[in-house]
Amino acid sequence: MKSVKKSFNRIILLVFLSFIVACNSDDDSNPEIVNVDTSNAINKIMPLGASRVEGARPEYESYRYDLWKLLIDGGYDFDFIGTETDEASYPEYNGLSFDRNHEGRGGITSGGILEEIDIWLSDLSTVPDIVLFSSPGGNDGIDNYTQSLSNISAIIDILQAANPNVTIFLELPAPALTSEQTPEFLAYYNQALQDIPIVAQEQTTSTSNVLIVDMSTDFIDDYLADDVHYNLAGANFVANRYYDALQSVLQ
């Protein structure tokens with residue numbers, strides 16, 4: 001892996017600051033674990049990551065609701081699993097209530113996920129068949145870039161130990177707002193776009209595929225509610241990218 005120049009640090013920390021600040025006021029308000037009962041779905045899907053997974057309606061959106069509707073329309077037997085419960089307001093769809101479980105926490109770093117993932121898995125009565133790993137390392141900051149790659153690999157190791165047949169999707173993350181894309185940011189970001197597929201290739205085993213889903217290509221400023229979080233259009237864009245990728249692995 002190539003290292004990124006330490007001089008980029010201040011710029012990237014500012015760009016990703018809203019990841020860390022946003023969506024952290026409700027972390028202790030939803031202690032209920034809904035998925036403690038056994039899931040009978042053949043496709044148990046864990047949305048994993050930070051604030052782009054968690055969402056904070058009405059300020060900004062998670063992709064999970066739109067993906068849930070797409071999977072219902074596709075006729076798939078699935079269950080979103082995780083120890084977090086989304087308490088925002090979502091309309092029913094086809095007479096069904098939104099599956100609110102996830103494993104997203106605003107502001108969390110890859111190191112934070114690594115420290116907690118064993119606990120989250122043990123709190124569930126089932127393990128994921130599929131993990132959607134959103135914006136991996138997005139909150140880490142450039143100074144921790146090399147460690148971030150190591151953390152992502154270690155997280156994947158733990159998921160594969162829990163389920164040797166798990167399929168893991170790693171995002172090529174959607175970019176920040178264009179006005180925040182300094183040359184320094186773009187150097188860091190483009191390096192990540194090169195390195196994440198290498199991590200996926202190295203972590204793939206004979207029974208567990210680690211696949212890339214591209215949220216970067218064709219993502220535009222009009223998809224953002226602020227510097228980094230999705231609005232309705234952005235959430236729909238990401239959901240459709242996930243849905244297109246999932247169709248090749250869903251049972």
Side-chain angles (χ1 to χ4, degrees), residues 1-4 41-50 52-53 62-64 67 70-71 76 78-82 102-105 108-122 124 126-140 144-175 188-217 219 238-251:
M1 303 291 179
K2 297 180 180 179
S3 61
V4 182
I42 32 176
N43 298 294
K44 293 176 282 293
I45 302 171
M46 175 181 282
L48 175 66
R52 281 179 165 179
V53 174
S62 168
Y63 68 83
R64 291 177 291 106
L67 178 58
L70 289 168
L71 291 169
Y76 291 104
F78 73 98
D79 183 17
F80 286 166
I81 66 171
H102 64 92
E103 213 62 85
R105 288 163 174 77
I108 199 166
T109 63
S110 65
I113 294 174
L114 180 58
E115 289 176 2
E116 300 291 334
I117 188 69
D118 271 326
I119 298 172
W120 301 338
L121 290 170
S122 66
L124 295 169
T126 188
V127 294
D129 302 305
I130 298 167
V131 175
L132 310 180
F133 198 167
S134 171
S135 298
N139 283 332
D140 291 356
N144 297 317
Y145 180 71
T146 302
Q147 184 62 49
S148 176
L149 294 176
S150 176
N151 290 343
I152 292 165
S153 293
I155 292 164
I156 294 171
D157 287 340
I158 292 170
L159 292 166
Q160 290 172 330
N163 178 5
N165 299 307
V166 68
T167 299
I168 300 168
F169 285 94
L170 284 181
E171 283 187 9
L172 296 181
Y188 165 85
Y189 178 70
N190 290 329
Q191 186 68 47
L193 295 183
Q194 294 178 47
D195 288 342
I196 290 172
I198 296 173
V199 172
Q201 182 179 17
E202 291 175 345
Q203 291 295 133
T204 292
T205 72
S206 60
T207 60
S208 173
N209 285 323
V210 183
L211 305 172
I212 293 301
V213 56
D214 184 3
M215 304 303 178
S216 175
T217 302
F219 192 91
V238 171
N240 274 278
R241 286 283 168 96
Y242 267 132
Y243 183 70
D244 289 345
L246 280 166
Q247 290 182 82
S248 65
V249 301
L250 287 169
Q251 299 186 52

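When every heavy atom of Asn139 is checked against every heavy atom of Thr109, the shortest pair comes out as O-CG2, 3.8 Å. Between Val166 and Leu159, the shortest heavy-atom contact is CG1-O, 3.9 Å. When all heavy atoms are compared, the tightest approach of Ser208 to Pro164 is CB-O, 3.3 Å. Across every non-hydrogen atom of Tyr188 and Gly137, the tightest pair is OH-O, 4.0 Å. Taking both residues in full, the closest heavy atoms of Leu121 and Pro128 are given as CD2-CD, 3.8 Å, listed atom of the first, atom of the second, then distance. Heavy atoms only, all atoms of each residue included: Ile108 and Gly49 are closest at CG2-O, 3.6 Å.
Expressed to the nearest 0.5 Å, how far CZ of Phe80 lies from CG of Leu71 amounts to 5.5 Å. Put simply, CG on Leu149 and OH on Tyr145 are 4.5 Å apart, with the number rounded to the nearest 0.5 Å. To the nearest 0.5 angstrom, Ser110 atom OG is 6.0 Å from Ile152 atom CD1. Note that CD1 of Ile42 and CG of Asp79 are 12.0 Å apart. Values are rounded to the nearest 0.5 Å. Summarising the geometry, atom OG1 belonging to Thr205 is positioned 7.5 Å from atom CG belonging to Asn209; distances are rounded to the nearest 0.5 Å. For the atom pair OG1 (Thr167) and CG (Leu211), the distance works out to 6.5 Å, reported to the nearest 0.5 Å.
Gln203 is listed as a side-chain neighbour of Gln160, based on a closest heavy-atom distance under 4.5 Å. Looking at Leu246 and Leu67, their side chains come closer than 4.5 Å, going by heavy atoms from C-beta outward. In this structure, Ile130 and Leu250 have side chains that are in contact, with non-hydrogen atoms separated by less than 4.5 Å. Taking 4.5 Å as the limit, every side-chain heavy atom of Asn151 sits out of range of all side-chain heavy atoms of Ile113. In this structure, Ile168 and Leu48 have side chains that are not in contact, with every pair of non-hydrogen atoms separated by 4.5 Å or more.
Below 30°, between 30° and 60°, or above 60°: for Tyr63 and Tyr242 the angle between ring planes is between 30° and 60°, a tilted geometry.
Ionic pairing of Asp129 and Lys44 is present here: one or more N-O contacts between side-chain nitrogen and carboxylate oxygen are shorter than 4.0 angstrom.
Between Leu170 and the options Leu132, Ile156, Val131, a side chain to side chain contact (heavy atoms under 4.5 Å, CB included) holds for only Ile156.
Looking only at atom types and distance, the side chain of Ser216 has a donor-acceptor partner in the side chain of Tyr189 under 3.5 Å away. For the residue pair Ser135/Arg52, the side-chain donor-acceptor check at 3.5 Å is satisfied.
Ser150 meets the side-chain contact (heavy atoms from CB on, under 4.5 Å) test with Gln147; sequence neighbours excluded. The salt bridge (charged side-chain N to carboxylate O under 4.0 Å, His left out) test applied to Glu103 returns Arg105, not counting sequence neighbours.
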